[in-house]
Amino acid sequence: MEEEYKDLDGFLKKNLEVESTSLDFTDAVLEQINAIESTQEKALQSLLQKHGTEIPSEDFTSKVMLQVHKHAEITSYRPVISKKAWLFIMLVLLTTVSFVLVKSDTSNDESGIIYSYLSSFEKLFTFEVPAMLSSPILALSLFALSSLLTIDYYLKNKIFS
Amino acid sequence: MNTNTDQIYIDKVLQGDTNAFAYLVNRYKNMVFTLALNMVKCREDAEEIAQDSFLKAFQQLHTFKGNSKYSTWLYTIVYRNAISMLRKKKLKTFDINAEIIANYTTDIDFPQLESLKEEDQKKYVKLILESLPETDAFLITLFYLDENSLDEIEEITGLSKSNIKVKLFRLRKRLYKELSLLLNEEIKELL
């Protein structure tokens, strides 16, 4: 009896084969899984978009804008150097530049009225001006700096204000 | 188009027109509030976070370079503010559990009217979102409500893209299951 079974087992093992599916079987299964997931996702998205959004209080925007305006006032542009300070700086620079330039121009013409005026003005300052301060390079640099500051002031306050 | 419009108003604000900021507040206030609420689960705190986020956005607007969407940049501020608030308050969150579902499923056995269904849907969506851990609720809101891309969510939360993907996959399964339970077959009607 057992031998008959053994024969049958052998026969079955020999003849039974795993059937193969069509070539696109895996793709088809994956497609179905993706389709289910996609529909679930759509349903979820639809439900969440319909009911998921919360609305803040009615005066939310005005509350925020109130704070924004307060902050804007605090941080509004305040120049580091005031208008008066700029004028003073420019005046000092221009005076220095004029002094240096005029002095160098009149050094050859000592009989001039300006020179006599400047001499009397010079007497007020009894200290010796270092040679470096009376050099034309310094004078030109100071002149360029004061010009730039003047242009900057003019552009900021007159054109872009 | 909308991103361009945002940029127009951003430029106006940067040029000194503070009132132009109201456009940006009105446009994003609901989403900002929703994101904050889904994180902190408390309306008062959420409103505080939302207001603070807009104020910070205004203060730091000059740092916005336009490399990403304004909304992405804004939601990053919201996320950080919410995290900061949670750390301060050490709010406790809890997962969806069977008890919550058991308490509510009996109410919707016989939804007769369409309006009732709507109310139920709203109630249970809220319930589910409230019961999600804060970051998960935030991710769900960004992905499903505001339809942000994975890249954008990565930028907002600082989580890695693979982590976000895994989280969203699990959340989708879980939400669908929970919502199907709570809403009986109603969610399937949406398909």
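Below, chains carry the letters A, B, ... as their sequence lines are ordered, and counting in each starts from 1. Values below: all heavy atoms of this structure, side chains included; hydrogens, waters and symmetry mates excluded.
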As an exercise: rank B/Val32, B/Asn30, B/Val25 by heavy-atom pairs under 4.5 Å with chain A and give me the winner. B/Asn30
Does the distance from a Lys or Arg side-chain N to an Asp or Glu carboxylate O, for A/Glu54 and B/Arg43, drop under 4.0 Å? yes
Contact origin within [X] toward chain A - heavy atom pairs under 4.5 Å:
{"X": "B/Phe143", "answer": "both"}
{"X": "B/Leu145", "answer": "both"}
{"X": "B/Asn19", "answer": "both"}
{"X": "B/Lys29", "answer": "both"}

Please flag which part of A/Ser57 lies under 4.5 Å from any non-hydrogen atom of chain B: side chain, backbone, both or neither. both
Establish, yes or no, whether a centroid distance under 6.0 Å links the rings of [X] and [Y].
{"X": "A/Phe60", "Y": "B/Phe33", "value": "no"}
{"X": "A/Trp86", "Y": "A/Tyr153", "value": "no"}
{"X": "B/Tyr79", "Y": "B/Phe138", "value": "yes"}

Under a single-linkage rule joining Ile, Leu, Val, Met, Phe, Trp and Tyr whose side-chain heavy atoms are separated by less than 4.5 Å, which residues share a cluster with A/Leu23? none
